[in-house]
K.L.:
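The structure's right below; bear with me while I get my questions together.
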Amino acid sequence: MENKVFLASSLTFRYICRDKVTDMRFIDVVLPLPLSSLFTYALPAELQDTVRTGCRVVVPFGVKKIYTAIVWEVHERCPEGYAVKQVLEVLDAEPVLLPVQLDFWQWIAEYYMCALGDVYKAALPSGMKLESESWVALNDEYEGGEALSLHETAVFEALSRKPEQTLTQLQKTCGGFKVLRVVKGLLDKGVLVMKEEVKRSYKPRTEVHVRLTEAYFDEQRLHAALDDLRRAAKQQAVLLKYLDLANAVAALRLGNLRMLSEVGRKQLVDAAGVTMAVCQALVEKGILETYAYETGRLSHTEVADTIGLSPLSKAQAAALGTVRASFGEHPVCLLHGVTSSGKTEIYVHLIHEMLAQGKQVLYLVPEIALTTQLTERLFRVFGTRMGVYHSKFSDAERVEIWRKQMSDAPYGLILGVRSSVFLPFRRLGLVIVDEEHEQTYKQQDPAPRYHARNAAVVLAQKSGAYTLLGSATPSLETYHNVRAGKYGLAELAERFGQVQLPEVEVVDIKELRRKRRMTGLFSPRLLAEMREALERKEQVILFQNRRGYAPVVECRACGWVPKCQNCDVSLTYHKGLNKLTCHYCGYTCNVPEKCPACEGAELRQRGFGTEKVEDEVRALFPGAAVARMDLDTTRTRSAYERILGDFQAGKTDILIGTQMVTKGLDFDRVSVVGILDADAMLNVPDFRSYERAFQLMAQVSGRAGRRHRRGLVILQTKSPELPVIRQVVANDYAGLYANETAERKAFMFPPFCRLVYVYMKHRQADVLDRLAAGMGERLRAVLGGRVLGPDVPPVARIQLLYIRKLVVKVEPGIALSAVRRELWRVRRELMSQPGYHGAQVYFDVDPA
Ligand code: ADP
Ligand code: ZN
Ligand code: ZN
């Protein structure tokens, strides 16, 4: 009796035969499952007129599951040879997807070699694809006030008794009616939330803020109040702190209550160093009042304060002109502008033009967390015309944005991460891909393993829109497309406001080590420059592209290295935790007291990560305020924002970090950047390692020296003679491009061919080896020398699964579609053989 859902609905099941029923309608749907084919269902007569392509329907699948499916096509062709099941419910009166999106899904599935169902899963927020095993819960933040129907009340009460339930469970509890539609209604009203959301709510949607009550928004009354508080020193301090944080003086002078800045209650209490109770006392006196402030959704603030566009510099205006002209010839243009040249300003002007023409703009950024500054900047210009689509926003918010995009009044501008390419746009005019070289645009796991930059180009093309790719360090692929005449190019060679590019100074640490002149990880030059910068009250950024304390621990006597139980990687030592952890699966264990291999007692550390840098910096600069920004210190968005905020406000002197500190941050007081160990980036076994190293170093250097003085970058390396180091020093992108393309051409790597990786995984190494050899052999039979491997990747086991990889290189002139066909065929043939049960085989097209 476990699934009443289906009992209830199976009453309405009818099996339909072609000869019995005429004039019957059918629909082909996509299911949110890793299945490539469409599935056909029959439409009950009463639903025939309402269903259209792009609507959601609820269908049974398998023995007892139900899913929300997307209607792909409505037709009258009765499938033969099996009994067609019937649609249970139609969820939408109007499509939730546009035809161009379905077309785009299909392109993604085909090109990136995954199931259409995988694309569907990635594209829609979970709240839009309820299924029988979806967990729902009461929304803690729901404040009541909605009128609930009888059925809604029943569901609400069921969940009040047992706070989290799957739809199947709810159906059992509620019995008499179809629970799914009711749940959908409650989700829409914000009464319920999907549970996966409860688990990953990084950030509350609302925060308690405080403000001055209207009664006290008056200088004289305030003075009187402050006087009255003489004997309540703490309360007085809180009030003064509030007035300071809220910029109250200016607001009072101008008599404009709305000019008071937002002040969080926690922020205030922390800043004043008092308890919540003190703040509460002021609220009770009627001087301050609290209110709920929506933190996630900028769009709910008013537009009133939007400002105009900044005038462009001459160079910027010229670049903008070039972009416009280029769009006359190519739908895609690269804006190659050095760091801090003001690319954003050019985007803003283009967005403005697009909106004025009634067109929509999608502005893609690698990670929203890193773009608080950008969000604020854009919001000041575009106000409520802008929506932000963010993976860390709640699912409900994402559903809301989706809805809005399908409404009559969609956002004109969406600022979003990778997945926002899946949002509906009715009148897309321009896609901007900022920092187009960023690796995070490529989705690794799970499928669809798409590259959002490339997908955006295709989406724009399908929508008749332009694409603008922006970067100071373009990817080789993009630049190659420029050289080949496929993309247009606009260049911006100077920084905004005559700020000079930083000076990069190379320090040979091999030599210094030999002479024993290093202080731990620091060369004398770097130390001296850091000292001076701190004396001048300027800031320092230290970049080391590894987190943790030491990436490798080994026995001094026998060389034994502790490895992860589940993965074939060495464990990283984290000193703060005093543990060894695996950066692939999260496995954690204690540091062994002695070597299990030789009983040797001395374990030493090899390499270093940000945690160790922090340790040394604290010891060397005891008076400095130090912060570290890496994955370990920024698990929450607020932690991330605090670190950045403090640095921006000048509360931090030295910021240490991984690649997080290299990204588009605009700071004014950074005069010295230290790159501690360039070799760690150069020695990565990947054909893109030099390109990446150049990008990272050029980007982090770009943080140095903004408005008032030329910045200095100290680049520590053991291989100062490498051309790539010289190219970083000279900011010589052309040199890097020339060298790298020569290499790639000689050894046949992208952009001179396309790569498809075939990944194979299994719990047993021997089974996997047989499978991999079989795949290799069969593929070589049709594709010849284009197939390399199988080989054992650098990390050959992750989370208990062994991994093998085949590399397929497809040269220009060969149709990728033909290669894909063979790959699918061979996969199908092998997977249907006995013995390979439980194996995973998937493709990664254009791997990052
Ligand atoms: P990029 O993205 O090219 O690295 P940014 O867009 O961050 O550069 O611009 C660098 C700095 O210069 C920012 O502080 C920005 O506000 C400022 N800036 C750039 N162009 C202008 C302009 N036309 N007017 C005023 N400020 C500008
Ligand atoms: Zn040992
Ligand atoms: Zn592991």
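Because only heavy atoms are used, hydrogens play no part in the values below, and waters and symmetry mates are left out as well, while side chains stay in. First listed ligand is number 1; within each ligand, the first listed atom is number 1.
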K.L.:
Find the distance between CZ (Arg692) and OG1 (Thr473) and round it off to the nearest 0.5 Å.
P.N.:
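Interatomic distance, Arg692 CZ to Thr473 OG1, rounded to 0.5 Å: 11.0 Å.
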K.L.:
Which ligand 1 atoms are under 4.0 Å away from a heavy-atom of Thr339?
P.N.:
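Every atom of ligand 1 under 4.0 Å from some heavy atom of Thr339: 4 (O).
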K.L.:
Test of geometry: compute the angle SG(Cys555)-the Zn ion (ligand 2)-SG(Cys558) and round it to 10°.
P.N.:
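Answer comes to 110°, rounded to 10°.
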K.L.:
With a cut-off of 4.0 Å, which atoms of ligand 1 are near a heavy atom of Pro311?
P.N.:
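Here the atoms of ligand 1 in question are 22 (C), 23 (N), 24 (N).
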K.L.:
So, Glu345 and Arg377, do they make that salt bridge, N to O below 4.0 Å?
P.N.:
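Looking at Glu345 and Arg377, the cut-off is met.
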K.L.:
Specify whether His352 and Phe382 have parallel, tilted or perpendicular ring planes, treating 30° as the upper limit for parallel and 60° as the lower limit for perpendicular.
P.N.:
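His352 vs Phe382 ring planes: tilted.
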K.L.:
Could you tell me which atoms of ligand 1, counted from 1 in the order shown, lie closer than 4.0 angstrom to a heavy atom of Leu312?
P.N.:
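Near Leu312, meaning under 4.0 Å from one of its heavy atoms, ligand 1 has 23 (N).
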K.L.:
Between ligand 1 and Gly337, is the shortest N or O to N or O distance under 3.5 Å?
P.N.:
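No; the residue has no nitrogen or oxygen that sits under 3.5 Å from a nitrogen or oxygen of the ligand.
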K.L.:
Do any N/O atoms on Gln316 end up under 3.5 angstrom from N/O atoms on ligand 1?
P.N.:
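Such a contact does occur with ligand 1.
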K.L.:
Quick check on contacts: which atoms of ligand 1 are under 4.0 angstrom from a heavy atom of Val338?
P.N.:
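Under 4.0 Å from Val338, ligand 1 has these atoms: 3 (O).
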K.L.:
For ligand 1, which atoms have a heavy atom of Ser310 less than 4.0 angstrom away?
P.N.:
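Near Ser310, meaning under 4.0 Å from one of its heavy atoms, ligand 1 has 24 (N).
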K.L.:
Could you report the tightest heavy-atom contact between Ser570 and Pro551, atom names first, then the distance?
P.N.:
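Where Ser570 meets Pro551 most closely, the heavy atoms are OG-O, 3.6 Å.
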K.L.:
Checking only N/O/S atoms, does His583 have one that is under 2.8 Å from the Zn ion (ligand 3)?
P.N.:
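For His583, the answer is no, given that no N, O or S atom comes within less than 2.8 Å of the Zn ion (ligand 3).
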K.L.:
May I have the angle between Cys595 SG and Cys598 SG with its vertex at the Zn ion (ligand 2), rounded to 10°?
P.N.:
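Between SG of Cys595 and SG of Cys598, at the Zn ion (ligand 2), the angle is about 110°.
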K.L.:
Assess the pair His336 and His437: is the distance between their ring centroids shorter than 6.0 Å?
P.N.:
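Ring centroids of His336 and His437 are no less than 6.0 Å from each other.
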K.L.:
Would you please test Glu436 and Ser475 for side chain to side chain donor-acceptor pair (under 3.5 Å) and show each step?
P.N.:
CA-CA 7 Å; Glu436 66 86 27; Ser475 64; 3.2 Å; yes
K.L.:
Is the NZ or CZ atom of Arg797 both under 6.0 Å from the centre of the six-membered ring of Tyr802 and within 45° of that ring's axis?
P.N.:
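Checked: cation-pi criterion met.
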